[in-house]
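To start, the structure itself, in structure tokens.
These numbers come from the heavy atoms of this one structure, side chains and all, not from hydrogens, waters or symmetry mates. All values derive from a computational prediction rather than experimental measurement.
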Amino acid sequence: MRANTMVAMILAGGRGTRLKDLTKKVAKPAVHFGGKYRIIDFPLSNCANSDIKTVGVLTQYESVLLNSYVARDHFWGLDTNDGGVYVLTPREKDEGGLEVYRGTADAISQNLDFLDSVNPEYVLILSGDHIYKMNYDKMLAFHKEKQADITIAVRPVPLKEASRFGIMNTNKDDMIVEFEEKPAKPKSNLASMGVYIFSYKMFRKYLVADMKNPESNHDFGKDIIPAYLNDKRRLAAYRFEGYWMDVGTIDSLWEANMDLLKNNSDLDLGDPTWKIYTEDVNALPQFIGKEAEVTNSYTTQGCVIDGAVKNSVLGTNCVIGKGAKVIDSVVMPGAKIGDGASVTRCIVADDVEIAPGAVVGAKDSEHIELVASKFVE
């Protein structure tokens, strides 16, 4: 694929309120995952592995850390002469005032000058907060084969959860005949993954028209896609069969981390043919003490483990004290579990300290407990 045939635009500006204190001062795509990664590493690595050289990352909420992180495009091998990662934030306009991104489509509309300067044939729209590995070049080939104006990546979800998603109804040729945004009574369980390919010339016209419409929500699902359908444009559904998780809640973030520990996991971070790239943290090798017990767990560089860790994911520079127990939990970078403490079915946030002897969480709890501040029993 030649440079700038397809440009990626990653929407990374949402608040992520369902992740509670994890996103109180950090944008959701910058939240840690899998020990040493951040969520944004996944779409960026997918772009690098798909030979997409130019990537725009659209940020807004609590963006300082995220902006500085993605600007270091050498992490993903995207620091090339004919590409790179571009941080695109809301800008002050000539007419005065800072115009925040009002919706997913508006975020792209406000950056048409960037897209025009790159002049792509196709635009790939991605979410910055999903965990998955996907070859976007294969999706582009499907888009061309179908002669589509939009191609939407889809996957089946349990029907009881379908009302949380944009739902497609398709014909036998996988062409979309109806789109319902979060329907109360979904007609199918074929859900949008929030991954779109648009043919740019036509897409640009629809975005300009949407900007001029005072009644628009400036949203892909509510406005742009229905407009294409109303105009009888060609919309194709690209069926994705790999692992995908929207880590929008504490429970789903925990579940995705636990999926890493399964035998023959669909989310294989050790696959040399599709690497997930991230910051190379300067940390000491991990240390596992003589009385430590580590079973079926991810442990990362810099960890010091003197207790028992079972079926858990430990981030960089974690400390597990003597006699401490960490079971079915995610411990994020820099957290410390005191001597004799017990942590079960929890997510422990970055740099949090759990006091010696404290007991957090329970094996029979319905939901995962988030520990986001110092815990003293």
Side-chain angles (χ1 to χ4, degrees), residues 1-12 29 33-34 37-59 66 69-88 108 111-112 114-155 193-204 236-244 266-280:
M1 186 169 62
R2 72 178 190 274
N4 298 337
T5 294
M6 184 161 70
V7 169
M9 300 287 273
I10 301 178
L11 300 171
F33 174 82
Y37 304 93
R38 296 185 188 272
I39 297 171
I40 193 73
D41 288 328
F42 287 81
L44 283 170
S45 296
N46 288 339
C47 287
N49 291 325
S50 301
D51 198 29
I52 295 173
K53 301 180 184 300
T54 302
V55 182
V57 181
L58 289 71
T59 65
L66 180 60
Y69 184 71
V70 302
R72 291 175 280 182
D73 46 11
H74 62 278
F75 292 166
W76 307 277
L78 292 168
D79 54 336
T80 62
N81 291 331
D82 55 353
V85 177
Y86 297 82
V87 179
L88 304 172
I108 304 300
N111 289 285
L112 284 176
F114 168 76
L115 287 172
D116 288 344
S117 71
V118 180
N119 192 28
E121 190 173 352
Y122 305 99
V123 177
L124 171 69
I125 307 295
L126 306 171
S127 295
D129 50 12
H130 297 162
I131 301 295
Y132 66 115
K133 297 195 293 184
M134 182 177 183
N135 189 332
Y136 303 131
D137 206 17
K138 290 184 177 179
M139 183 175 171
L140 178 59
F142 178 85
H143 179 83
K144 293 176 180 178
E145 176 190 336
K146 292 293 185 179
Q147 298 181 320
D149 301 309
I150 308 177
T151 295
I152 303 174
V154 299
R155 60 178 289 113
M193 295 169 55
V195 177
Y196 312 96
I197 292 178
F198 290 87
S199 297
Y200 181 55
K201 287 184 179 179
M202 181 180 293
F203 183 37
R204 193 186 194 287
Y238 178 74
R239 295 175 182 264
F240 178 69
E241 297 180 352
Y243 183 93
W244 178 82
D266 290 334
L267 185 62
D268 180 9
L269 298 185
D271 181 0
T273 67
W274 203 268
K275 292 183 178 180
I276 302 301
Y277 301 97
T278 190
E279 179 181 16
D280 186 11

Quick one: side-chain hydrogen bond (donor to acceptor under 3.5 Å, both in side chains) partners of [X], sequence neighbours excluded?
{"X": "Ser127", "result": "none"}
{"X": "Asp280", "result": "none"}
{"X": "Asn46", "result": "Tyr136, Trp274"}
{"X": "Arg72", "result": "none"}

Spatial distance of atom [atom1] ([X]) from atom [atom2] ([Y]) [nearest 0.5 Å]:
{"X": "Thr5", "Y": "Tyr200", "atom1": "OG1", "atom2": "OH", "value": "15.0 Å"}
{"X": "Thr151", "Y": "Tyr122", "atom1": "OG1", "atom2": "OH", "value": "9.5 Å"}
{"X": "Leu44", "Y": "Phe75", "atom1": "CG", "atom2": "CZ", "value": "11.0 Å"}

query = Partners of Asp41 by salt bridge (charged side-chain N to carboxylate O under 4.0 Å, His left out), sequence neighbours excluded?
reply = none

request  = Identify, with sequence neighbours excluded, every residue that meets salt bridge (charged side-chain N to carboxylate O under 4.0 Å, His left out) alongside Asp116.
outcome  = Arg204

Closest non-hydrogen atom pair, Val7 against Pro120 = CG2-CB, 3.7 Å

Asn49 side-chain N/O to Lys275 backbone N/O, donor-acceptor pair under 3.5 Å = yes

query = Does CD belonging to Gln147 count more than 12 external heavy atoms closer than 6.0 Å?
reply = no

